[in-house]
Participant: 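Right, I'll just put the structure down here and ask away after.
Just so we're clear, the structure is a prediction, and the values are computed from it rather than from any experiment.
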Amino acid sequence: MKRIAAAALLLAAAIASGDAQVMRRGFREEYSRTPRLHNVPYDGRFTFARIKYTTAPGGFWYQGMPSWSHGYPVSEDNLLRIMNEVTLLRGRTDGFNVFALDDPELFKYPMAYIIEVGWWTLTDSEAAALRAYLAKGGFVIVDDFKTPSFNGGGGWDLFEENMRRVLPGARFVDMQVTHPIFHSFFEIHTLRNFPQAYNSGEPIFRGLYEDNDPAKRLQMIVNYNTDISQYWEWSGRGLRPFDETNEAYKLGVNYVMYGMMH
């Protein structure tokens with residue numbers, strides 16, 4: 001925990017001093033209406049892969065940006081810098097890739113990240129590709145996923161409808177804190193009263209298992225009614241307390257470590 005806090009403090013100092021060029025570039029892009037992507041070629045090192053999709057009407061409510069791009073690339077940049085401080089992952093921080101679900105390049109990356117799925121539109125090609133990605137061992141993190149009352153997004157029902165097109169029999173179950181994903185690196189002892197960046201109520205953590213069998217591999221983790229990555233994005237600006245930010249980083253680190261080991 002001390003190392004995470006120290007790393008977050010160094011991250012804030014780097015931004016303030018202007019030493020972190022990627023951070024400063026990301027800060028400017030965060031407020032751009034058209035995100036400028038910077039995909040780097042696959043070279044075997046861990047590279048953060050974000051999913052883009054056609055945003056449903058109404059999903060451009062923040063700065064006119066498509067919903068899939070919120071926080072890009074600041075959130076993943078900050079998470080990877082923390083991970084490289086506290087683990088031996090040595091993930092890339094010179095680029096953060098973005099793919100459509102039906103882009104064959106995605107299959108080179110074992111973990112994918114998708115957000116704001118209340119505005120997610122899905123083509124038949126993308127549904128088939130996601131089905132294949134999960135079947136081949138891919139792990140998906142779903143975050144920044146709000147209830148329908150927040151800015152009018154589709155909420156859980158739209159997400160579940162899309163996932164039925166991917167896996168018709170898919171069943172999501174509430175995650176228990178005893179699951180290995182919450183102990184893959186840091187020990188997370190409770191999911192109750194988890195810090196919220198701005199959502200009301202408690203976050204809900206749900207999972208999708210291979211063949212709907214909790215004894216098998218976890219294929220997808222869903223952070224519902226919360227925005228864990230908002231803490232990553234804001235951590236260099238001092239907008240939230242370190243102790244709350246640390247909890248969000250612990251989840252992110254654990255998710256990536258679990259995804260890479262399963």
Side-chain angles (χ1 to χ4, degrees), residues 1-32 35-40 45-52 62-63 65 68-98 109 111-116 141-145 184-186 188 194-199 203 221 223 226-260:
M1 289 294 293
K2 289 180 179 178
R3 292 190 67 187
I4 283 190
L9 184 61
L10 288 172
L11 190 61
I15 294 173
S17 66
D19 290 336
Q21 295 297 322
V22 175
M23 290 295 182
R24 292 194 286 118
R25 183 183 69 244
F27 184 85
R28 290 196 299 270
E29 289 176 353
E30 181 190 351
Y31 296 98
S32 170
R36 188 170 67 251
L37 306 184
H38 178 54
N39 283 14
V40 290
R45 288 180 290 169
F46 177 82
T47 305
F48 199 97
R50 181 186 286 243
I51 300 302
K52 64 178 180 178
Y62 177 70
Q63 300 287 335
M65 298 171 63
W68 63 262
S69 70
H70 291 178
Y72 172 86
V74 182
S75 296
E76 40 265 75
D77 191 347
N78 289 355
L79 175 62
L80 263 294
R81 289 172 187 272
I82 291 292
M83 291 207 67
N84 289 345
E85 287 286 340
V86 300
T87 76
L88 298 177
L89 181 69
R90 301 295 182 261
R92 297 186 70 166
T93 57
D94 60 334
F96 307 96
N97 291 357
V98 177
Y109 301 85
M111 192 204 78
Y113 170 83
I114 185 170
I115 67 168
E116 295 277 16
I141 299 170
V142 181
D143 190 40
D144 194 0
F145 180 13
S184 60
F185 191 84
F186 291 106
I188 297 174
F194 205 86
Q196 289 278 41
Y198 53 81
N199 293 73
I221 183 80
N223 305 328
T226 190
D227 185 354
I228 299 300
S229 62
Q230 188 77 76
Y231 282 102
W232 312 340
E233 180 186 354
W234 286 351
S235 64
R237 306 176 197 170
L239 297 180
R240 292 291 175 184
F242 273 137
D243 56 350
E244 293 185 1
T245 300
N246 284 346
E247 295 304 306
Y249 271 126
K250 285 163 61 177
L251 268 185
V253 170
N254 279 25
Y255 286 178
V256 173
M257 296 301 285
Y258 179 88
M260 294 298 290

Participant: What pair of heavy atoms forms the shortest contact from T226 to P203, and how long is it?
Facilitator: CB-CB, 3.4 Å

Participant: Heavy-atom distance under 4.5 Å between the side chains of F186 and M257, does that happen here?
Facilitator: no

Participant: Among side-chain atoms of S229 and D143, is any donor-acceptor pair under 3.5 angstrom?
Facilitator: yes

Participant: Can you tell me if D77 and S75 form a side-chain donor-acceptor pair at under 3.5 Å?
Facilitator: no

Participant: Nearest 0.5 Å please: distance from the OG1 atom of T47 over to the CZ atom of F96.
Facilitator: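 Answer rounded to 0.5 Å: 9.0 Å.
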
Participant: Report the relative orientation of the aromatic rings in Y198 and W234; use parallel for angles under 30°, tilted for 30 to 60°, perpendicular for over 60°.
Facilitator: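 It falls in the tilted class, 30° to 60°.
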
Participant: Verify, without hydrogens or angle tests, whether N97 (side chain) and A49 (backbone) share a donor-acceptor contact under 3.5 angstrom.
Facilitator: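 No; judged by distance alone, with no hydrogens or angles, the pair does not exist.
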
Participant: Looking at CZ of F185 and OG1 of T87, how far apart are the two atoms once the value is rounded to the nearest 0.5 Å?
Facilitator: 5.5 Å

Participant: Which value, rounded to the nearest 0.5 Å, describes the distance between F48 atom CZ and T93 atom OG1?
Facilitator: 13.5 Å

Participant: So how far is it from I141 CD1 to Y113 OH, rounded to the nearest 0.5 Å?
Facilitator: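 Rounded to the nearest 0.5 Å, the CD1-OH separation comes out at 8.0 Å.
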
Participant: Could you tell me whether the side chain of F194 reaches within less than 4.5 Å of the side chain of E247, counting heavy atoms only?
Facilitator: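 Answer yes - side chains close enough.
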
Participant: Can you tell me how far CD1 of I228 sits from CD of Q230, rounded to the nearest 0.5 angstrom?
Facilitator: 10.5 Å

Participant: Would a distance-only check, ignoring hydrogens and angles, find a side-chain to backbone donor-acceptor pair under 3.5 Å from R92 to L80?
Facilitator: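 It does not hold such a pair.
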
Participant: For Y72 and V98, work out which heavy atoms get closest and say how close.
Facilitator: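 Scanning both residues, the minimum pair turns out to be CE1-CG2, 3.5 Å.
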
Participant: So, for Y249 and W232, which heavy atoms are closest and what is the spacing to 0.1 Å?
Facilitator: OH-O, 3.5 Å

Participant: Output the distance between atom CG (L79) and atom CG (N84), rounded to the nearest 0.5 Å.
Facilitator: 9.5 Å

Participant: Establish, from distance only, whether the side-chain atoms of N223 and Y255 form a donor-acceptor pair under 3.5 Å.
Facilitator: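 The answer is yes; a qualifying pair exists.
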
Participant: Write down the atom of D227, the atom of A197, and the distance for their closest heavy-atom approach.
Facilitator: O-CB, 4.2 Å

Participant: Shortest non-hydrogen contact from H70 to M65?
Facilitator: NE2-O, 3.9 Å

Participant: Take M260 and V256 through the side-chain contact (heavy atoms from CB on, under 4.5 Å) test and state the conclusion after the steps.
Facilitator: CA-CA 6 Å; M260 294 298 290; V256 173; 4.2 Å; yes

Participant: Run the side-chain contact (heavy atoms from CB on, under 4.5 Å) check on Y231 and E244 step by step: do they pass?
Facilitator: CA-CA 8 Å; Y231 282 102; E244 293 185 1; 3.2 Å; yes

Participant: Search all heavy atoms of E76 against all heavy atoms of G71 and return the closest pair with its distance.
Facilitator: OE1-O, 4.0 Å

